[in-house]
Amino acid sequence: MTESNQYPLLARINSPHDLRQLPESSLEQVARELRAYLLDSVSRSGGHFAAGLGSIEITVALHYLYNTPDDRIVWDVGHQAYPHKILTGRREQMPTVRQWGGVAPFPKRDESPYDTFGVGHSSTSISAALGMAIAAKQTGSQRRAVAVIGDGGLTAGMAFEALNHAGDIGANLLVILNDNNMSISPNVGALSNRFAQILSGKLYTSVREGSKKILSQMPSVWELARRAEEHVKGLVVPGTLFEEFGFNYIGPIDGHDLPTVLQTLRNLRKLEGPQFLHIITRKGKGYAPAEADPVKYHGVSPFDPQVGIVPGAKSSKPVYSDIFGDWACDMAARDKRFMAITPAMREGSGLVRFAREFPEQYMDVAIAEQHAVTVAAGMACDGLKPVVAIYSTFLQRAYDQVIHDVALQKLPVLFALDRAGLVGADGPTHAGCYDVTFMRCLPDLVFMAPADENECRQMLYTGYCLDQPAAVRYPRGGGPGVAVDKEMQALPVGKAEIRRKGRSVALLAFGSMVQPALEVGEALDATVVNMRFIKPLDEALVHELAQSHDLLVTLDENVVAGGAGGAVTEYLASQGLAPRILHIGLPDRAIQHGTREQMLEDAGLTAPQIRDTILPHLPAAANPTGAAARSA
């Protein structure tokens with residue numbers, strides 16, 4: 001069956017302009033076709049799924065009523081933006097989503113003019129859309145700005161900071177709360193939808209604003225009227241909070257009732273000032289397995305839609321997040337002071353079992369990384385032993401708190417940094433490429449990087465036992481397959497280990513780079529060191545290697561700028577030593593999405609590439625190809 005037969009309307013839509021040529025009566029069919037196409041496409045390619053199924057109607061309505069891309073639509077995080085991509089000229093490319101050279105997993109400015117703001121991290125949409133609304137006012141433009149944010153994204157302080165600012169300046173901004181965390185309540189039916197249409201209509205708004213002008217001249221009467229209005233609206237809608245921010249709150253409405261969504265948006269588009277539309281949607285809408293388990297269907301690998309996701313055989317080789325989760329359970333069982341804190345990353349950080357078995361020692365603080373770090377600091381002040389389980393890329397959002405609230409007070413908070421380095425299909429927004437650079441400069445921090453699974457467990461224990469800040473960074477996925485010792489023993493702080501003794505060249509490898517370094521060491525007859533500690537360095541060993549080898553090569557899965565190699569150079573310079581040294585790490589550019597293997601290859605971090613990078617720097621006598629020595 002051809003696409004034009006299977007999706008007769010969708011096949012004709014290559015841009016929102018095409019969508020806007022259709023009669024409004026056909027939009028519900030467009031929504032049905034879009035939902036079916038999304039199911040068919042993502043089940044073949046994999047990708048973010050349940051959130052997109054829930055945002056079909058609002059996506060159709062926005063692109064139908066707003067003059068995109070001149071009118072700005074900013075999608076928070078971007079998990080729900082696949083329907084947006086399909087309607088904005090990327091339908092035929094969707095089978096390549098998250099693949100090397102394919103469609104990006106999140107809105108991306110250089111991919112399409114309809115992607116007005118690049119996203120990937122949560123809770124930025126209101127701030128960005130507000131900036132666009134301010135720019136429109138400053139330049140005299142009539143374009144509109146819309147932010148679409150989920151109930152999860154609204155848990156972050158940044159979202160409320162933006163609401164507060166927008167209400168204060170009276171910006172022409174529409175914020176749409178896509179609330180998919182609760183079932184459609186009795187309020188969200190014909191009565192509620194009709195009430196929302198009335199509240200967003202011109203008549204109500206004119207009467208409301210006119211009454212304000214008159215009653216504001218009579219303060220006591222005005223205060224009574226204001227309270228009465230809040231009370232009446234509060235009987236039907238939970239909008240008092242947003243009204244206090246200065247927004248005109250409308251809703252909640254059924255986000256899958258397309259005629260109601262269209263009429264409400266049409267009314268709101270005519271209004272000036274900050275508007276807030278609350279819609280209730282269901283993640284996974286239209287596909288029963290995803291509706292029943294939206295977490296399971298949040299991000300999927302290819303699957304058969306007729307069968308759903310079938311659990312595969314569990315690998316006998318644990319991934320690093322499993323190592324962390326098991327260690328956390330073991331520690332909590334032996335130490336009641338143990339507290340695990342995560343900013344809405346229970347599944348990704350490996351804490352599902354922990355949350356079930358140790359609920360009193362588990363804290364999910366929602367999408368609030370800053371709060372996660374500072375509440376951990378507060379716990380540490382009064383005798384608890386907090387562990388913050390967080391992706392490397394998300395710790396960036398709490399850097400001030402790491403410095404001010406933890407490091408400067410020398411508090412014993414342990415950071416378990418998952419997804420350090422390149423992460424694969426989620427791309428550069430989720431890659432943990434910078435934590436070595438921004439963490440190793442902090443005073444009194446012990447910073448570790450395991451070479452394998454067992455070392456990860458022992459490093460977590462080491463950091464937990466310290467009476468000072470500590471961090472362990474480990475990559476996404478699995479390691480080399482080293483068996484994990486259930487016994488725990490603290491490692492000597494600041495001590496590396498020599499994995500292979502060679503001559504002429506010494507490879508100083510950190511964390512995930514130890515395995516490729518061992519391969520390169522065999523090829524070049526080089527000394528290979530598992531550095532283990534980024535901070536403090538094993539200075540004595542570095543000093544000895546600098547004097548006994550012709551070339552030092554540092555390897556870490558972090559950007560070279562400010563990376564672990566820089567720590568080696570800084571120490572040697574402080575000792576008046578200037579050996580020939582080569583730093584190999586991530587380049588000074590974003591590595592685009594693909595498999596982790598493709599990204600490592602693009603970064604030049606596979607074993608053959610590392611060997612080829614080193615060869616031109618070898619002394620002639622040590623170069624197996626006979627290449628002339630060249631200064632690093």
Side-chain angles (χ1 to χ4, degrees), residues 41-49 51-52 77-79 81-82 85 93-108 111 118-122 295-303 309 312 315 317-324 345 347-350 389-396 416-436 449-450 452-453 456 473-481 511-513 515-516 556-559 585-587 589-607 609-610:
S41 175
V42 178
S43 68
R44 295 172 188 267
S45 66
H48 298 122
F49 183 54
V77 186
H79 295 140
Y82 283 23
K85 293 196 174 215
Q93 287 75 48
M94 287 306 292
T96 70
V97 70
R98 294 164 58 90
Q99 298 174 19
W100 188 258
V103 173
F106 305 104
K108 187 178 178 185
E111 184 176 281
V119 293
H121 286 191
S122 168
V295 173
K296 182 178 180 180
Y297 284 85
H298 169 70
V300 299
S301 299
F303 67 97
I309 296 175
S315 173
K317 179 178 169 182
V319 297
Y320 279 105
S321 57
D322 294 334
I323 302 295
F324 169 74
M345 298 307 297
E347 288 78 15
S349 293
I390 189 169
Y391 288 9
S392 168
T393 187
F394 297 145
L395 186 64
Q396 297 161 186
L417 303 186
D418 201 344
R419 270 61 166 182
L422 300 172
V423 297
D426 280 340
T429 61
H430 282 58
C433 300
Y434 312 106
D435 59 80
V436 172
D452 56 53
E453 296 88 339
C456 183
R473 77 182 308 256
Y474 45 90
R476 181 175 189 173
S512 61
M513 289 291 101
Q515 286 306 120
D556 72 318
E557 198 175 331
N558 186 85
V559 291
L586 297 175
R589 59 181 171 83
I591 306 295
Q592 297 308 308
H593 59 276
T595 65
R596 178 169 157 77
E597 292 71 26
Q598 288 169 324
M599 297 175 81
L600 285 168
E601 183 175 3
D602 185 53
L605 292 183
T606 66
Q609 290 171 309
I610 292 169

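Note that these values count all heavy atoms, side chains included, but never hydrogens, waters or copies made by symmetry. Being a predicted model, the structure only gives us computed values, none of them experimental.
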S.K.: Report yes if some heavy atom in the side chain of D602 is under 4.5 Å from a heavy atom in the side chain of W100; otherwise report no.
M.R.: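 Touching, per the 4.5 Å side-chain cut-off.
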
S.K.: To the nearest 0.5 Å, how far apart are OG in S43 and OH in Y297?
M.R.: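 So the OG of S43 and the OH of Y297 are separated by 10.5 Å.
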
S.K.: Measuring from atom CG of D435 to atom CD of Q396, what distance do you get when rounded to the nearest 0.5 angstrom?
M.R.: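 Going from CG on D435 over to CD on Q396, the span is 8.0 Å.
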
S.K.: Taking all atoms of both residues into account, what is the closest heavy-atom pair of P95 and S45, and its distance?
M.R.: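 Looks like O-CB, 3.4 Å.
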
S.K.: Check whether any side-chain N or O of T429 sits under 3.5 Å from a backbone N or O of H121 as a donor-acceptor pair, and report yes or no.
M.R.: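 Pair absent, no side-chain N/O of T429 close to backbone of H121.
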
S.K.: Quiz question: by atom type and distance under 3.5 Å, do the side chains of Q598 and T595 form a donor-acceptor pair?
M.R.: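 There is such a pair between these side chains.
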
S.K.: Partners of D452 by side-chain contact (heavy atoms from CB on, under 4.5 Å), sequence neighbours excluded?
M.R.: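 With sequence neighbours excluded, D452 shows a side-chain contact (heavy atoms from CB on, under 4.5 Å) to N454, E455, P480, V482, R499, given in chain and number order.
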
S.K.: Would you give the length of the straight line joining atom CZ of R419 to atom CE of M345, rounded to the nearest 0.5 angstrom?
M.R.: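 Answer rounded to 0.5 Å: 6.5 Å.
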
S.K.: So, taking the atom named SG in C433 and the one named CZ in R589, what distance separates them when rounded to the nearest 0.5 Å?
M.R.: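 Rounded to the nearest 0.5 Å, the SG-CZ separation comes to 11.0 Å.
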
S.K.: Which heavy atom in D418 sits nearest to a heavy atom in G348, and how many Å separate them?
M.R.: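 Looking at all heavy atoms of both residues, the shortest contact is OD2-O, 3.4 Å.
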
S.K.: Between A420 and S392, what is the shortest heavy-atom contact and its length?
M.R.: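 Minimum heavy-atom separation between A420 and S392: CA-CB, 4.0 Å.
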
S.K.: Can you sort out the partners of H79 under ring pair (Phe, Tyr, Trp, His ring centres under 6.0 Å), two or more places apart, ordered by chain and number?
M.R.: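 By the ring pair (Phe, Tyr, Trp, His ring centres under 6.0 Å) rule, H79 matches H48, F106, H298.
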
S.K.: Any side-chain heavy-atom pair from Y474 and L417 closer than 4.5 angstrom?
M.R.: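 No; the side chains remain at least 4.5 Å from each other.
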
S.K.: Between Q609 and T606, is any side-chain donor less than 3.5 angstrom from a side-chain acceptor?
M.R.: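 Per modelled atom types, Q609 and T606 side chains form a pair under 3.5 Å.
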
S.K.: Just by distance, do the side chain of R473 and the backbone of G511 share a donor-acceptor pair under 3.5 Å?
M.R.: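 No, R473 side chain to G511 backbone: no donor-acceptor pair under 3.5 Å.
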
S.K.: Return the set of residues passing side-chain contact (heavy atoms from CB on, under 4.5 Å) with A603 (not counting sequence neighbours), or none when no residue passes.
M.R.: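 A603 satisfies side-chain contact (heavy atoms from CB on, under 4.5 Å) with L422, L586, P587, I591, L605 only.
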
S.K.: Go through the structure and list residues passing salt bridge (Lys or Arg N to Asp or Glu O under 4.0 Å) with E557, not counting sequence neighbours.
M.R.: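 Checked E557 against salt bridge (Lys or Arg N to Asp or Glu O under 4.0 Å); matches are R596.
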
S.K.: Do Y82 and V42 have side-chain heavy atoms sitting under 4.5 Å apart?
M.R.: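 Side-chain contact under 4.5 Å: yes.
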
S.K.: Tell me every residue that passes salt bridge (Lys or Arg N to Asp or Glu O under 4.0 Å) with E111, counting only those two or more places apart in sequence or in another chain.
M.R.: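 K85, R90.
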
S.K.: How far apart are the closest heavy atoms of S41 and M94, and which atoms are they?
M.R.: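 Closest approach of S41 to M94: OG-CB, 3.6 Å.
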
S.K.: Hey, is the main chain of V103 close enough, under 3.5 Å, to the side chain of H593 for a donor-acceptor pair?
M.R.: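 Answer holds: yes.
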
S.K.: Taking C-beta and beyond as the side chain, do F324 and C456 meet within less than 4.5 Å on heavy atoms?
M.R.: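 They are not in side-chain contact.
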
S.K.: Quick one: closest heavy-atom pair of P516 and I610, and the distance?
M.R.: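 Closest approach of P516 to I610: CB-CD1, 4.1 Å.
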
S.K.: Holding to side-chain hydrogen bond (donor to acceptor under 3.5 Å, both in side chains), I want the full list of residues that pass it with N558, two or more places apart in sequence or in another chain.
M.R.: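 Once residues adjacent in sequence are excluded, the partners of N558 under the side-chain hydrogen bond (donor to acceptor under 3.5 Å, both in side chains) criterion are T437.
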
S.K.: If we ignore hydrogens and angles and just use 3.5 Å, is the side chain of E453 paired with the main-chain N or O of G479 as donor and acceptor?
M.R.: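 Checking the backbone N and O of G479 against the side chain of E453, a donor-acceptor pair under 3.5 Å is found.
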
